[in-house]
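For reference, the structure discussed in these notes is given below.
Keep in mind that what you see is a predicted model, and the values were worked out from it rather than measured. In this chain, numbering begins with 1 at the start of the sequence shown.
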Amino acid sequence: MSVLNNSEVKFFLLIGIPGLEHAHVWVSIPICLMYLVAIMGNCTILFIIKTEPSLHEPMYYFLAMLAVSDMGLSLSSLPTMLRIFLFNAMEISPNACFAQEFFIHGFTVMESSVLLIMSLDRFLAIHNPLRYSSILTSNRVAKTGLALAIRSILLVLPFPFTLKRLKYCQKNLLSHSYCLHQDTMKLACSDNKINVIYGFFVALCTMLDLALIVLSYVLILKTVLSIASLAERLTALNTCVSHICAVLTFYVPIITLAAMHRFAKHKSPLVVILIADMFSLVPPLMNPIVYCIKTRQIREKILGKLLNTCRR
């Protein structure tokens with residue numbers, strides 16, 4: 001078997017849904033609708049937070065960061081998925097593949113970081129409400145957002161370069177509708193030990209975020225249980241429901257997908273693809289819906305905007 005370097009690899013092959021190739025056009029309809037709702041929902045949240053001075057608070061700034069992460073994740077995976085389902089175009093050049101996985105993993109790390117900061121925000125608001133505003137000033141929130149973006153870029157920046165240095169043999173079939181680092185590096189026939197180790201390090205960073213989120217909620221629960229009034233306990237916990245839903249919709253697919261890639265020897269390709277597609281579709285779709293339903297201030301502002309528009 002001849003060994004080809006990156007410059008000689010013409011393209012990788014992405015995959016749609018095995019067994020449903022004949023129905024890809026029909027499958028693209030709900031996918032397009034989900035992407036459209038996700039993008040419109042996140043844009044609506046960003047617009048409401050930007051235009052309403054009453055929402056210029058740390059909690060809503062962090063929600064805006066989450067919306068940006070969701071939109072980035074959606075737009076990073078959308079092009080190749082639509083090409084596959086609408087035009088049956090499965091080819092992608094190595095450089096385009098490496099660029100796509102950089103953005104997908106970058107926005108994934110950013111969303112993980114934002115969810116962590118949001119859990120700390122909820123802890124501060126419940127544990128020390130009197131000092132909340134003085135601790136989380138607008139300046140500190142802006143610096144936190146910048147730090148999260150820098151962290152995300154620096155963590156995933158080595159991915160495309162370490163993939164580009166690998167040599168690839170005749171295998172060029174990927175396992176998803178978009179490029180992921182752990183999937184692409186498996187096609188290499190040269191030593192990918194650096195990729196495995198660094199990929200594991202980035203995964204550990206994401207799991208560390210999750211561990212700190214769990215710790216935050218342990219501390220939140222401890223604080224809530226110390227509140228005498230049952231009504232106040234329920235009110236405090238109710239402010240965390242939206243964030244808990246966001247954490248679950250984000251981490252459950254990513255942990256399941258990572259576990260299947262690393263440990264499942266006889267995994268079903270269909271299940272892997274569906275979980276991967278769910279990872280790119282469900283959080284950006286569900287987060288705006290959940291926050292609009294559960295956050296009274298955002299819900300009222302959106303309804304107010306709609307009513308004013310209808311009256312005109």
Side-chain angles (χ1 to χ4, degrees), residues 1-32 34-35 72-108 156 158-192 194-196 198-199 253-254 256-281:
M1 183 181 294
S2 60
V3 177
L4 304 175
N5 60 30
N6 268 359
S7 62
E8 294 172 315
V9 172
K10 300 300 181 185
F11 53 80
F12 294 129
L13 286 176
L14 297 166
I15 193 169
I17 300 179
L20 292 178
E21 290 83 0
H22 61 285
H24 273 177
V25 173
W26 295 106
V27 173
S28 69
I29 296 174
I31 288 177
C32 287
M34 291 174 72
Y35 270 117
L73 193 57
S74 293
L75 294 174
S76 298
S77 57
L78 176 63
T80 52
M81 290 186 72
L82 291 187
R83 284 178 64 233
I84 292 170
F85 292 118
L86 286 176
F87 308 109
N88 201 33
M90 299 184 295
E91 300 88 357
I92 183 170
S93 69
N95 287 335
C97 186
F98 302 154
Q100 184 182 48
E101 61 86 20
F102 167 77
F103 285 108
I104 289 176
H105 288 291
F107 283 112
T108 299
V156 302
F159 277 171
F161 297 105
T162 55
L163 286 174
K164 197 173 180 64
R165 58 172 280 279
L166 295 176
K167 294 181 179 180
Y168 297 88
C169 299
Q170 293 179 354
K171 290 193 303 181
N172 65 346
L173 181 62
L174 295 166
S175 306
H176 302 296
S177 304
Y178 48 84
C179 294
L180 294 174
H181 175 262
Q182 63 267 33
D183 193 22
T184 308
M185 71 178 184
K186 290 181 179 179
L187 298 181
C189 54
S190 59
D191 185 11
N192 64 357
I194 293 176
N195 298 75
V196 173
Y198 191 73
I254 198 173
T256 305
L257 188 62
M260 293 187 71
H261 268 292
R262 295 184 183 279
F263 304 115
K265 295 182 179 179
H266 304 290
K267 55 184 179 287
S268 167
L270 178 60
V271 173
V272 173
I273 290 168
L274 290 177
I275 293 174
D277 291 348
M278 185 171 67
F279 162 68
S280 67
L281 284 169

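For the pair I15 and L174, the minimum side-chain heavy-atom distance is 4.5 Å or more. The side-chain heavy atoms of L274 and F279, taken from C-beta on, include no pair separated by under 4.5 Å. Side-chain contact between W26 and F85 is absent, with no heavy-atom pair separated by less than 4.5 Å. Counting only heavy atoms from C-beta outward, the side chains of N95 and K164 approach each other to under 4.5 Å. Counting only heavy atoms from C-beta outward, the side chains of F87 and S28 never approach each other to under 4.5 Å. Counting only heavy atoms from C-beta outward, the side chains of R165 and I194 approach each other to under 4.5 Å. Looking at Y168 and L163, their side chains come closer than 4.5 Å, going by heavy atoms from C-beta outward. Put simply, the side chain of S93 does not reach to within 4.5 Å of the side chain of F11, judged on heavy atoms.
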Assess whether side chain to side chain contact (heavy atoms under 4.5 Å, CB included) is satisfied between L281 and M34, documenting all intermediate values.
CA-CA 7 Å; L281 284 169; M34 291 174 72; 4.0 Å; yes
Side chain to side chain contact (heavy atoms under 4.5 Å, CB included) between L166 and T162, worked out
CA-CA 7 Å; L166 295 176; T162 55; over 6 Å; no
Would Y178 and I92 satisfy side chain to side chain contact (heavy atoms under 4.5 Å, CB included), going step by step from the backbone distance to the final call?
CA-CA 9 Å; Y178 48 84; I92 183 170; over 6 Å; no
Could you check C97 against T184 for side chain to side chain contact (heavy atoms under 4.5 Å, CB included), going step by step and ending with a plain yes or no?
CA-CA 8 Å; C97 186; T184 308; 3.9 Å; yes
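To the nearest 0.5 Å, atom CE of residue M90 and atom CG of residue L13 are 5.5 Å apart. How far SG of C179 is from NE2 of H105: 9.0 Å, rounded to the nearest 0.5 Å. Between I31 atom CD1 and S280 atom OG the span is 8.0 Å, to the nearest 0.5 Å. Summarising the geometry, atom CG belonging to L14 is positioned 7.0 Å from atom OG belonging to S177; distances are rounded to the nearest 0.5 Å. Note that CE of M81 is 3.5 Å distant from CG of D277, once rounded to the nearest 0.5 Å. Separation of atoms CG (L173) and CG (L187) is listed at 8.0 Å; rounding is to 0.5 Å.
Side-chain N or O atoms of N192 include one that pairs as donor or acceptor with a backbone N or O of M185 at under 3.5 Å.
When every heavy atom of C32 is checked against every heavy atom of L82, the shortest pair comes out as SG-CD2, 3.3 Å. When all heavy atoms are compared, the tightest approach of A276 to H176 is CB-ND1, 3.3 Å. Here the closest heavy-atom approach between residue P253 and residue I275 is recorded as O-CG2, 3.6 Å.
The environment of Y198 atom OH is dense: over 12 non-hydrogen atoms of other residues, nucleotides or ligands sit within 6.0 angstrom.
Side chains of S77 and Y35: a donor-acceptor N/O pair is present below 3.5 angstrom, by distance only. No side-chain donor from either of S76 and Q100 sits under 3.5 Å from a side-chain acceptor of the other.
Two rings, from F98 and F161, have their centers 6.0 Å or more apart.
Between F159 and H181, the ring-plane angle classifies as parallel under the 30° and 60° cut-offs.
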